[in-house]
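Naming convention: chains lettered A, B, ... in sequence-line order (proteins, then strands); numbering from 1 in each chain.
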Protein chains: 2
Amino acid sequence: MTIPRFARIKEFIVGQIEQGFLLPGDQVPSENQLLEQFGVSRMTARRALQELSDEQILVRAQGLGTFVADARPMSSLLEIKNIADEIRARGHNYHCDLILLDAVTASAQQAMDLSLAEGSTVFRSVLLHCENGLPLQYEDRLVNPVLAPDYLHQDFLLQTPNAYLSEVAPLTEADHIVEAVCVEESIALALEIDSSQPCLKVSRRTCSKRGVVSFASLFYPGNRYRLGGHLNF
Amino acid sequence: MTIPRFARIKEFIVGQIEQGFLLPGDQVPSENQLLEQFGVSRMTARRALQELSDEQILVRAQGLGTFVADARPMSSLLEIKNIADEIRARGHNYHCDLILLDAVTASAQQAMDLSLAEGSTVFRSVLLHCENGLPLQYEDRLVNPVLAPDYLHQDFLLQTPNAYLSEVAPLTEADHIVEAVCVEESIALALEIDSSQPCLKVSRRTCSKRGVVSFASLFYPGNRYRLGGHLNF
DNA sequence: CAGTGGTCTAGACCACTGG
DNA sequence: CAGTGGTCTAGACCACTGG
């Protein structure tokens, strides 16, 4: 199986971006430059640039050139955002309390969430993420120990579980369920809300190439958080 | 401004699908057939099929042909689904109560939601969508009268506002906000829930080329509905 | 003006599928 | 085998942008 030439050109450009040689806004080689550089026809060079443009990695403008797109907007609703980055992006103070970090024996439900056998040992972390001292997200996470064996030895006050897991097991897929729920007393207490207050619950299962990495239950006080999204047709 | 040939071929095929001449699973003309039919080069015929395939309207298989894709999956999280279709797709009974349909004078908030001036006359509809007799969605919708002048004369027991508006003002954009809330007594009563029950609230602003068409506030009982989504990386 | 991307042609060779 | 889609070439003319 040989890699097509247009794909090689795409890889070359993506590589330049990932290695930091090309930054958002930078102009990438034109069709004519790629044509000479790779010894291909213009249609082939064009296809590489066009597909990267379709993938929103590049933007093209007639008469001007082709440029690296601004910070990957991910565009889809319910992006996988790092809660710490999100809070800091608002110019607010972020901090985090570690409530639990341990290995546990998976219940039937937990095993199913991670696609493992009941009774397997899995890792579990519970964290409370705060914005300007006010609890914003209660994160109860199960982790597949095979795919993140060093999970229990991380300092999650410095790096969120989400960020850590993205490093050790790059995400390929994610499923979400969004619900409005009442939370149990212990979670209400941690979130500093009355237990009658509605909360937004996001259940997220994330997968890498090697399988289900993690299953997170995220609880947000209904009066402090909303999910936004934008669609284009 | 002349329409490119590949775009004409795309329109032709999409038209055949929309008019029901081509059904999901049906084979569409091959590159060679389109080439003769439209008198274009193969690269041009190919581009039409390839782009429709990228848009998930067609699926292609080497050696086999090109086929109409199964029921548009829309793929994005929080797709704009027709609640009636969604309920019927589950094999359940759908029906709908009309609670209000009238012209109203826009409050400051309502005017902002529709990007109109305060005090403008706008249309408002309130409907209750039920699954097997049980209320599932309370829909409170504001409509821009300029973009849907006949809105008040529709029978929304036959066609949802969403479906009607999509016809008269094709959507180009949509914004969503998802929240967990408590609802006021009147809405709780309509939804047949206790007012202490958390609800999922989806606020959706939809736009066509000519501007903001509609602003809908959708309330779902937290224990009867959840939003799901899937992302690929 | 020279350079960019947008559209298009008329060919070519290939891998794949079904009969 | 004939037909399909996948890749690719070496040209062409065009609209658009900046200088």
Identify whether any heavy atom of A:R47 sits under 4.0 Å from a base atom; if not, whether one sits that close to sugar-phosphate; answer base, sugar-phosphate or nothing.
sugar-phosphate
Examine distances only and state if a side-chain atom of B:N132 and a backbone atom of B:N93 form a donor-acceptor pair shorter than 3.5 Å.
yes
Can you tell me the distance, in whole Å, between the CE atom of A:M43 and the P atom of C:dG11?
16 Å
Bend across the helix from C:dG3-D:dC16 to C:dC16-D:dG3, to 10°, with axes taken over 5 pairs at each end?
10°
For the side chain of B:S41, counting heavy atoms from C-beta on, which of D:dC8, C:dC8, D:dG6 is nearest?
C:dC8
In whole Å, I'd like the distance from the CZ atom of A:F38 to the P atom of D:dT9.
12 Å
What's the spacing between B:Y225 OH and B:L218 CG if we round to 0.5 Å?
9.0 Å
Within the structure, does a side-chain N or O atom of A:T44 lie under 4.0 Å from either OP1 or OP2 of D:dC8?
no
Per the atom types in the model, does the base of C:dG6 pair as donor or acceptor with the side chain of A:R42 at under 3.5 Å?
yes
So A:D26 and A:Q16, do their side chains get closer than 4.5 Å, heavy atoms only?
no
To the nearest Å, give me how far apart CD1 (A:I3) and P (C:dC14) are.
20 Å
Quick one: does A:I3's side chain get under 4.5 Å of A:E11's, heavy atoms only?
yes
What do the steps show when you test B:F156 against B:Y151 for ring-ring contact (aromatic ring centres under 6.0 Å, His included), and what is the final call?
CA-CA 10 Å; B:F156 292 125; B:Y151 189 74; 4.8 Å; yes
OP1 or OP2 of C:dG3 under 4.0 Å from side-chain N/O of A:Q33:
no
Does D:dT4 have OP1 or OP2 under 4.0 Å away from a side-chain N or O of B:T66?
no
Establish, with yes or no, whether the OP1 or OP2 oxygen of D:dG3 is under 4.0 angstrom from a side-chain nitrogen or oxygen of B:N32.
no
Distance in angstrom units between A:R8 CZ and D:dT7 P, rounded:
14 Å
For C:dT7, does OP1 or OP2 lie under 4.0 Å from any side-chain N or O of B:R5?
no
Rounded distance (Å) that lies between atom C1' of C:dG5 and atom CG of A:L35:
13 Å
Charged N-O contact under 4.0 Å between A:R204 and A:E139
no
Taking for each residue the nucleotide of DNA chain C with the nearest heavy atom, is it B:F6 or A:V28 whose nucleotide lies nearer the 5' end?
A:V28
Under 3.5 Å side-chain donor-acceptor pair for B:D113 and B:Q109:
yes
Could you state the atom-to-atom distance from CG of A:L58 to C1' of C:dG5 in whole Å?
13 Å
Nearest whole angstrom, please: distance from the P of C:dC14 to the CD of B:E31.
18 Å
Which is more 5' along DNA chain D, the nucleotide nearest B:G65 or the one nearest A:V40? Just name the residue.
B:G65
Answer yes or no: is there an ion pair linking A:E131 with A:R224, defined by an N-O contact shorter than 4.0 Å?
no
Whole angstrom is fine here: how far is it from CG in B:L49 over to C1' in D:dG5?
9 Å
A:Q50 side chain near C:dG6 phosphate (N/O to OP1/OP2, under 4.0 Å)
yes
